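A short worksheet on the structure shown next.
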Amino acid sequence: MKKNAISRRNALKMMGAFCASTLAACTGSSTTKSESEPLEKYKRLIFFFSATGNSLYIAKELSGADGTLMSIPQEIHRENPVYEAEEIGIVCPIYCFIPPTIVQEFIKRSTFKADYIFCVGTYGANSTIFPEYTSQLAKDNGFEMNYINTIRMVDTYLPYYDMDVERAQDKHIPENLAAIKASINSRENYIRPVNDQEKMLCEGYYRMSGRDRVKPTLTRSEKIVFSTDTCIGCGICNSVCPHGSWKIVDGKSIAEGECENCLACVHNCPTKSISIIPTPPEPEEPNRNSRYRNPNVRVGEIISANSQINYNNKG
Ligand SMILES: Cc1cc2nc3c(=O)[nH]c(=O)nc-3n(C[C@H](O)[C@H](O)[C@H](O)COP(=O)(O)O)c2cc1C
């Protein structure tokens with residue numbers, strides 16, 4: 001090796017440190033409003049949560065030239081926010097057929113004022129009750145959704161899916177996205193209907209898994225993920241975590257804290273050093289060498305959106 005060359009291991013560590021230091025100065029995505037700015041009236045305001053980029057990609061596509069993106073893991077820190085825009089959208093992954101806990105919490109504690117409110121859930125295999133559940137969630141919190149739809153993408157739930165197999169499937173994303181875009185741009189009123197078969201599938205899953213019906217994936221990171229011997233302590237796992245639930249001890253990442261089960265840490269680890277703790281009745285992950293991030297989204301965008309470095313000192 002040349003005298004001044006740095007190893008891949010050190011380069012990755014430096015990247016982790018760089019991400020952490022730049023994040024101390026900037027919060028949220030590049031178009032996100034900072035805490036001190038007033039919440040003026042926007043044209044199209046889109047709130048998103050994304051662990052592996054699918055929902056961020058859809059949010060970016062739907063935001064268009066006039067849209068503004070805001071990250072839910074950043075906005076969740078505002079006290080009783082009131083958001084006003086001509087159109088407001090929420091884009092998020094679907095976890096156990098419903099919105100992730102952090103998204104539900106954000107909806108509960110926010111006030112939305114808009115002429116048109118839409119929601120798009122990204123999912124991998126079955127979205128089942130998501131439209132019905134989300135519509136009711138909005139009603140319970142005093143507003144109506146005008147449009148709720150779902151779009152099928154790579155399924156990132158590693159206990160059930162091999163990312164290599166998922167990536168190879170054609171899920172007709174461009175066509176489906178174009179249809180959703182057209183509907184939203186023409187302010188169509190539509191909540192995707194949920195049929196009896198989908199309801200039965202959902203019921204069966206909840207009975208089999210014994211998961212909570214409202215917060216099915218909220219857990220503790222130390223219960224579901226761990227770093228392996230190849231961990232270099234770069235800290236990217238903590239930077240992409242919407243709860244900042246990793247800490248570095250003796251140069252290694254240790255999982256500890258609240259967890260959405262989003263698997264951002266596992267998928268975005270540059271050395272593939274994070275694995276899932278098998279939790280029966282769920283199977284062991286079929287391919288622990290296969291990880292995923294949406295090809296249109298950079299790891300830096302996930303970090304900007306999810307990092308909690310400004311809110312806790314664990315990193
Ligand atoms: C904890 C967890 C639960 C999931 N549950 C479902 C589900 O119920 N149905 C489904 O089709 N996909 C499910 N998925 C797949 C994701 O919804 C899907 O891959 C999504 O596009 C990921 O979005 P992101 O890249 O923005 O994080 C789940 C993924 C995770 C991590």
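Keep in mind the model is a prediction, meaning the values are calculated, not measured. Along the sequence shown, residues carry numbers from 1.
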Over all heavy atoms of both residues, which pair between I274 and R291 is shortest? Give the atoms and the distance, please.
O-NH2, 3.1 Å

Heavy-atom closest pair (L56 atom, S50 atom, distance to 0.1 Å) is N-OG, 3.3 Å

Check the hydrophobic clustering (I, L, V, M, F, W, Y; side-chain heavy atoms under 4.5 Å; chains of links allowed) and say if V266 and F226 are grouped together.
no

Rounded to the nearest 0.5 Å, what's the gap from CD on E256 to OG on S221? Could you check?
7.5 Å

Applied to residues 101-115, the side chain to side chain donor-acceptor pair (under 3.5 Å) test, sequence neighbours excluded, yields Q104-Y133

Given 3.5 Å as the limit, does a donor-acceptor pair link the side chain of N238 with the main chain of I309, or not?
no

Without swapping roles, check the side chain of N126 against the backbone of T128 for a donor-acceptor pair under 3.5 Å.
no

Taking only residues two or more places apart in sequence, or in another chain, which ones meet S183 in a side-chain hydrogen bond (donor to acceptor under 3.5 Å, both in side chains)?
E188

H77 vs Y311 aromatic rings, parallel, tilted or perpendicular, using cut-offs 30° and 60°?
parallel

Considering non-hydrogen atoms only, spot the tightest contact between P242 and C262 and give its length.
CD-SG, 3.9 Å

Connected via hydrophobic side-chain network under 4.5 Å: I151 and V297
yes

Roughly how far, to the nearest 0.5 Å, is the CD atom of E285 from the OG atom of S275?
5.0 Å

F48, F112, F49 screened by ring pair (Phe, Tyr, Trp, His ring centres under 6.0 Å) with F106, the one that passes
F112

Atom pair CD1 (I180) and CD1 (I58), whose distance is rounded to the nearest 0.5 Å
7.0 Å

So, the side chain of T217 versus the backbone of E260: is there a donor-acceptor pair under 3.5 Å, distance only?
yes

Is it true that S55 and T122 share a donor-acceptor pair across their side chains at a distance under 3.5 Å?
yes

Check the hydrophobic clustering (I, L, V, M, F, W, Y; side-chain heavy atoms under 4.5 Å; chains of links allowed) and say if Y95 and Y123 are grouped together.
yes

Does anything in residues 201-210 form a side chain to side chain donor-acceptor pair (under 3.5 Å)? List the pairs, not counting sequence neighbours.
E203-R213, Y205-R211, Y205-E282

Near K215 NZ, under 6.0 Å, is it more than 12 heavy atoms from other residues, nucleotides or ligands?
no

According to a 4.5 Å side-chain heavy-atom criterion applied to Ile, Leu, Val, Met, Phe, Trp and Tyr, with indirect links allowed, do I277 and L263 form part of one hydrophobic cluster?
no

Return yes if some donor-acceptor pair links the side-chain N/O of R192 with the main-chain N/O of F130 below 3.5 Å, else return no.
no

Taking a hydrophobic cluster as the set of Ile, Leu, Val, Met, Phe, Trp and Tyr residues connected by side-chain heavy atoms closer than 4.5 Å, whether directly or through intermediates, do V225 and Y157 fall within one such cluster?
yes

Between CD1 of I173 and CE of M153, what distance do you get to the nearest 0.5 Å?
4.0 Å

Does a side chain donor of either N261 or T219 reach within less than 3.5 Å of an acceptor in the other side chain?
no

Is it the case that the side chains of Q308 and H243 hold a donor-acceptor pair, with the cut-off being a distance below 3.5 Å and no angle test?
no

